[in-house]
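Lettering follows sequence order; numbering is per chain, from 1.
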Number of protein chains: 2
Amino acid sequence: MALSHAILVCLTERPMSGYDLAKFFDTSIAFFWKATHPQIYRELKKLEEQGCVTSNEEVQSGKPNRKVYSITDAGRDALKAWSREPVALPLIKDDLLVRLQAIEHVDKDALRAQVRARLAAHREQLEQYHHIRDMRFSGGAAVPEDLGKLMGLELGIQYEQGWIAWCESVLERLERA
Amino acid sequence: MALSHAILVCLTERPMSGYDLAKFFDTSIAFFWKATHPQIYRELKKLEEQGCVTSNEEVQSGKPNRKVYSITDAGRDALKAWSREPVALPLIKDDLLVRLQAIEHVDKDALRAQVRARLAAHREQLEQYHHIRDMRFSGGAAVPEDLGKLMGLELGIQYEQGWIAWCESVLERLERA
DNA sequence: GGCAACATGTAACTTGTTACATGATTCC
DNA sequence: GGAATCATGTAACAAGTTACATGTTGCC
């Protein structure tokens with residue numbers, strides 16, 4: 001469904017192998033979409049059958065060969081058609097919030113440790129986003145092609161800041177109780 | 001995996017039928033976890049086999065019978081054991097952010113309309129959360145059992161406010177371009 | 001008469017996860 | 001010698017979605 005479109009979006013940037021895509025999903029666009037490598041290889045096969053991407057094998061000495069995929073005109077058309085469809089609200093699945101809901105039925109020490117771990121993860125993520133912003137968008141201005149990426153990054157930064165503040169306030173209250 | 005635990009959490013509140021649970025997932029805890037009714041019925045069957053819930057049929061005149069599920073002691077134990085496991089970072093899948101990433105390859109009018117629709121959805125959600133907060137937690141104080149629910153609600157409110165601000169700033173920039 | 005809500009479920013399908021499988025090179 | 005990185009994939013399973021199926025009551 002949308003994974004195929006996310007892959008096409010990545011390939012508008014530059015041609016990539018399945019391996020590259022897996023890493024790209026793990027780093028660059030991990031905030032909006034996640035995918036594991038079996039999923040990516042499976043989807044690339046389908047996209048190739050549909051003619052949305054083409055592959056060509058790059059022979060490498062020593063290392064195994066790379067199969068590099070590029071988006072086709074049909075792929076670009078599919079992307080544009082998809083962009084006109086209505087968007088779904090992002091789905092959230094959060095273990096930690098579910099546990100909070102049943103606060104009287106969970107292990108409170110474990111919960112505190114989990115909130116602390118979450119706080120640390122959000123702080124780290126925020127730092128990474130700041131780093132990317134400083135590297136790619138220093139000054140705040142972006143060329144038109146990159147405006148969307150900058151806005152995505154701004155959302156990420158705001159999102160992490162929100163979580164950090166929330167975790168801190170939750171920890172305070174949990175430690176008092 | 002975690003859906004079964006989310007169901008158990010709901011059942012700590014009160015016994016419920018599959019239908020009730022589906023509505024509960026749709027309203028109360030929709031922010032943390034979503035589930036459709038076929039999924040819920042399927043999971044309830046498994047949970048009953050494992051002894052984590054028991055069901056008893058409530059005969060109703062006119063309407064079809066309700067099969068009401070209650071959590072068992074084994075279910076409560078399973079919940080506590082699960083609460084000690086490490087939590088995963090919440091996964092996000094957001095179509096809109098993916099489109100923004102490829103801003104030069106999407107239909108810009110459609111994108112603007114989608115951001116406006118998203119903004120409206122977040123505003124509506126925020127209003128609902130405010131309403132719940134005013135109804136259930138007026139004054140801000142919560143009894144210990146409800147503290148987790150209040151904190152979850154606070155996160156929801158903050159989350160929606162963040163999205164609203166972001167959508168507004170994005171719209172402004174998209175309309176300028 | 002038609003639609004919505006109540007109430008339960010199945011079937012078919014698509015997505016997503018985890019583990020397995022292979023094999024070379026480079027770094028410690 | 002062992003672990004990590006590069007690079008591709010398959011198989012089995014779990015989770016999630018969509019459409020189908022049935023039948024009543026109450027409201028407009």
Under 3.5 Å, N/O pairs linking protein and nucleotides 9-11 of chain D:
from: D/dG9; atom 1: OP1; to: A/Lys67; atom 2: NZ; distance (Å): 3.4
from: D/dG9; atom 1: N7; to: A/His37; atom 2: NE2; distance (Å): 3.3
from: D/dG9; atom 1: O6; to: A/His37; atom 2: NE2; distance (Å): 2.9

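For A/Asp134, there are no salt bridge (charged side-chain N to carboxylate O under 4.0 Å, His left out) partners, not counting sequence neighbours. Applying the ring pair (Phe, Tyr, Trp, His ring centres under 6.0 Å) test to A/Trp166 and every residue at least two apart in sequence or in another chain returns A/Trp163. Not a single ring pair (Phe, Tyr, Trp, His ring centres under 6.0 Å) links B/His105 to another residue, sequence neighbours left out.
Look at B/Lys93 and you won't find any side-chain N or O under 4.0 angstrom from OP1 or OP2 of C/dT15. Phosphate proximity of C/dT8 to B/Tyr19: absent, as no side-chain N or O sits under 4.0 Å from OP1 or OP2. Contact between the side-chain N/O atoms of B/Ser17 and the OP1/OP2 oxygens of C/dT8 is found at a separation under 4.0 Å. Contact check, B/Gln39 against D/dA15: no side-chain N or O comes under 4.0 Å of OP1 or OP2.
Membership of the apolar cluster around A/Tyr19 extends to A/Tyr41, as traced through chained side-chain contacts below 4.5 Å between ILVMFWY residues. Through direct or indirect side-chain contacts shorter than 4.5 Å among Ile, Leu, Val, Met, Phe, Trp and Tyr, A/Leu91 is connected to B/Leu91.
Direction change of the helix axis from one end of the helix from C/dG1-D/dC28 to C/dC28-D/dG1 to the other is 30°, with five pairs defining each end axis (rounded to 10°).
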Contacts under 3.5 angstrom, residues 44-53 of chain B side chains, donor-acceptor by atom type, not counting sequence neighbours:
from: B/Glu48; atom 1: OE2; to: B/Ser55; atom 2: N; distance (Å): 3.4
from: B/Glu48; atom 1: OE2; to: B/Ser55; atom 2: OG; distance (Å): 2.7

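Evaluation of the salt bridge (charged side-chain N to carboxylate O under 4.0 Å, His left out) test over residues 7-18 of chain A, restricted to residues two or more places apart or in two chains, returns A/Glu13-A/Lys149.
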